Peer 1: 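My questions all concern the structure below.
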Amino acid sequence: MFTYSSVLRACGCVSHLVQLHSSIYKHGLESDVFVRSALIDAYSKWGLPQEALCVFDEMPTGDLVVWNSVISAFAQNSNGHEALHLFKRMKRAGFDPEQSSLTSVLSACTSLALLELGRQAHVHVFKYHQDLILNNALLDMYCKCGGVEDANTIFTRMADKDVVSWSTMIAGLAQNGYSREALKLFDSMKDSSTQPNYITLLGVLFACSHAGLVEDGWCHFRSMKKLYGIEPGREHYACMLDLLARAGKLNKAVELINEMGFEPDGAMWRTLLDGCRAHKNVDLAMHAAEQILKLNPQDAGSYILLSNIYANAGRWDDVAGIRKVMNEKGIKKQPGCSWIEVGKQIHTFVLGDGSHPQINEIKIQLESLIQRLVRAGYVPDLNFVLKDLEGEEQREDSLRYHSEKLAVVFGLMNLPKGQTIRIRKNLRICGDCHLFVKLATKLEKRTIVIRDPIRYHHFHDGACSCGDYW
DNA sequence: TTAGGGTTAG
């Protein structure tokens with residue numbers, strides 16, 4: 001038992017793990033709780049939570065650690081629903097959750113971006129208010145669920161803070177559009193006794209890139225090694241590229257790619273491509289797209305970005321060419337999708353999908369809202385319609401029914417006045433929806449928070465926390 | 001003082 005639980009931690013590939021697993025059976029040790037938790041954990045670390053669940057389910061023997069192992073297996077492999085389901089099973093089985101279980105539950109709420117659920121988990125945490133790791137998980141949960149004010153309160157009250165607490169808060173502020181506050185916090189961190197690490201600096205550079213702070217970004221990037229002994233890694237370069245590309249310093253971005261000493265990956269070229277779209281550099285865009293498609297010939301996002309760049313430049317033959325290639329290769333763009341939590345239920349809206357039971361009412365309300373917004377000065381921005389990829393008659397509808405607009409209207413209809421409307425979506429928000437939501441918060445006197453895959457937009461009284469730079 | 005579970009980026 002002692003041997004296996006030690007060796008399982010050291011196994012270096014899945015096939016070794018499977019061999020150890022059968023050898024455990026051979027020796028009849030599979031019911032030992034130490035061996036079982038180590039096995040569950042090992043499967044989880046190799047990204048196989050279902051295998052971990054099999055190990056868990058096949059024996060009745062278990063203790064709190066075995067439960068915690070299997071819950072964390074799903075929490076860490078981004079299956080928040082299953083983690084929460086197992087947590088409920090654990091409570092029904094008569095086990096009292098403690099710090100480790102609650103940390104996994106918080107991490108599950110974080111990955112699901114469900115603020116109300118996270119608040120419920122927070123209630124269980126009160127009696128452990130001195131636990132550092134648990135507090136860190138709480139910080140992350142509040143930051144990622146759009147409750148950055150709550151995170152700030154907890155952070156201020158934390159007696160002990162380690163590098164994870166500081167890094168979580170710095171990145172959290174930046175993701176929520178509070179870049180300058182994030183940089184101020186980094187200054188306070190330097191005054192404290194905690195040394196920044198690799199991840200802290202990523203948060204700092206992220207803050208700079210999302211606020212267009214080019215000089216600050218360079219300064220932190222160039223001083224990483226000297227001040228903190230941290231060699232800039234691939235991710236730091238990616239952040240710098242993002243900073244330069246967004247700010248329109250495309251030549252500097254290309255210089256950085258050439259000098260960085262890493263092979264640029266698809267995400268880096270994609271960053272550059274997006275900068276080319278924003279700053280209308282067709283030639284560089286073509287080069288970047290070519291590089292991406294060499295690395296990943298099926299990357300739908302790049303085809304669409306490139307085709308929009310061509311469309312904006314009026315190069316309709318090239319637009320048609322891309323559409324043809326996409327058709328031939330069977331490449332489809334991912335449909336936009338938004339989620340909103342109302343009455344403990346998640347409501348999903350997908351572009352072009354009218355399956356929501358209230359969809360007709362929502363469309364009527366949306367139409368009326370658009371008319372009121374137009375009277376208040378809203379002009380739909382047709383630049384964001386994918387002219388090339390949609391049929392002529394769908395053009396206006398495709399913009400009108402972007403999933404976040406449907407979710408916003410649904411929130412206005414169903415959430416009490418004064419309650420913040422929180423939406424999560426799978427793609428980045430388009431400029432037209434951004435304008436629409438800004439104006440809607442002013443007209444309807446509501447606060448709206450939208451989380452996209454990269455960051456948050458806090459809309460209030462006609463403005464957004466991103467300062468229209470995202 | 002021979003063994004198992006939790007937090008930060010992309």
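Naming: A, B, ... by sequence-line order, numbering from 1 per chain. Worth saying up front: this structure is predicted, and the values here are computed from it rather than measured.
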Peer 1: Looking at A/His124 versus A/Tyr128, is the centre-to-centre ring distance below 6.0 Å?
Peer 2: no
Peer 1: May I ask you to evaluate whether A/Ser72 reaches the phosphate of B/dG6, defined as a side-chain N or O under 4.0 Å from OP1 or OP2?
Peer 2: yes
Peer 1: Will you find, in the side chains of A/Thr200 and A/Ser167, an N or O donor that is under 3.5 Å from an N or O acceptor?
Peer 2: yes
Peer 1: State which of B/dG6, B/dA9, B/dG4 makes the closest approach to the side chain of A/Ile133.
Peer 2: B/dG6
Peer 1: Does A/Asp32 contact B/dG4 through a side-chain donor or acceptor facing the base, at a distance under 3.5 Å?
Peer 2: no
Peer 1: Has A/Asn176 got a side-chain atom pairing as donor or acceptor with A/Tyr178's backbone, closer than 3.5 angstrom?
Peer 2: no
Peer 1: Base, sugar-phosphate alone, or nothing: which one does A/Glu98 contact when heavy atoms must sit under 4.0 Å apart?
Peer 2: base
Peer 1: Please report the distance, rounded to the nearest Å, between NE2 in A/His236 and P in B/dA9.
Peer 2: 13 Å
Peer 1: Centroid-to-centroid, A/Tyr237 to A/Phe221, below 6.0 Å?
Peer 2: yes
Peer 1: Determine whether any donor atom in the side chain of A/Glu235 lies under 3.5 Å from an acceptor atom in the base of B/dG10, or the reverse, and answer yes or no.
Peer 2: yes
Peer 1: Does A/Val35 reach a base, just sugar-phosphate, or nothing at all? Heavy atoms under 4.0 Å.
Peer 2: nothing
Peer 1: So does A/Asp63 reach the base of B/dG4 with its side chain, donor to acceptor, closer than 3.5 Å?
Peer 2: yes
Peer 1: Mind checking if A/Phe206 touches a base, just sugar-phosphate, or nothing, with heavy atoms under 4.0 Å?
Peer 2: sugar-phosphate
Peer 1: Tell me what A/Asn135 touches on the nucleic acid: a base, only sugar-phosphate, or nothing, going by heavy atoms under 4.0 Å.
Peer 2: nothing
Peer 1: So, OP1 or OP2 of B/dT8: does either fall under 4.0 Å of a side-chain N or O from A/Gln76?
Peer 2: no
Peer 1: Quickly work out the A/Asp452 CG to B/dG10 P distance and round it to whole Å.
Peer 2: 12 Å
Peer 1: So A/Thr168, base contact, sugar-phosphate only, or nothing? Heavy-atom distance under 4.0 Å.
Peer 2: sugar-phosphate
Peer 1: For A/Val70, report the nucleic acid contact type (base, sugar-phosphate, nothing); a contact means any heavy atom under 4.0 Å.
Peer 2: nothing
Peer 1: Would you mind telling me which of B/dT8, B/dA3, B/dG4 lies closest to the side-chain atoms of A/Phe2?
Peer 2: B/dA3
Peer 1: Between C1' on B/dG10 and NE2 on A/His210, what's the gap in Å once rounded to a whole number?
Peer 2: 11 Å
Peer 1: OP1 or OP2 of B/dG6 versus the side-chain N and O atoms of A/Lys45: is any pair under 4.0 Å?
Peer 2: yes
Peer 1: Would you mind reading off the distance between A/Met189 atom CE and B/dT8 atom P, rounded to a whole angstrom?
Peer 2: 16 Å
Peer 1: Can you tell me how far C1' of B/dA9 sits from CG of A/Leu173, to the nearest Å?
Peer 2: 15 Å
Peer 1: Let me know the distance between CZ of A/Arg9 and C1' of B/dA3, rounded to the nearest Å.
Peer 2: 9 Å
Peer 1: Whole-Å distance between B/dT7 P and A/Asn136 CG?
Peer 2: 10 Å
Peer 1: If you check every side-chain atom of A/Ala171, which of B/dA9, B/dG6, B/dG4 has the closest atom?
Peer 2: B/dA9
Peer 1: Is there a donor-acceptor pair under 3.5 Å between the side chain of A/Ser179 and the backbone N or O of A/Ala207?
Peer 2: yes
Peer 1: Tell me the interatomic distance from A/Asp162, atom CG, to B/dG6, atom C1', rounded to whole angstroms.
Peer 2: 13 Å
Peer 1: Taking the minimum atom-to-atom distance to the side chain of A/Thr103, which one of B/dT8, B/dG10, B/dT7 wins?
Peer 2: B/dT7
Peer 1: For A/Trp67 together with A/Phe56, are the ring centres under 6.0 Å from each other?
Peer 2: yes
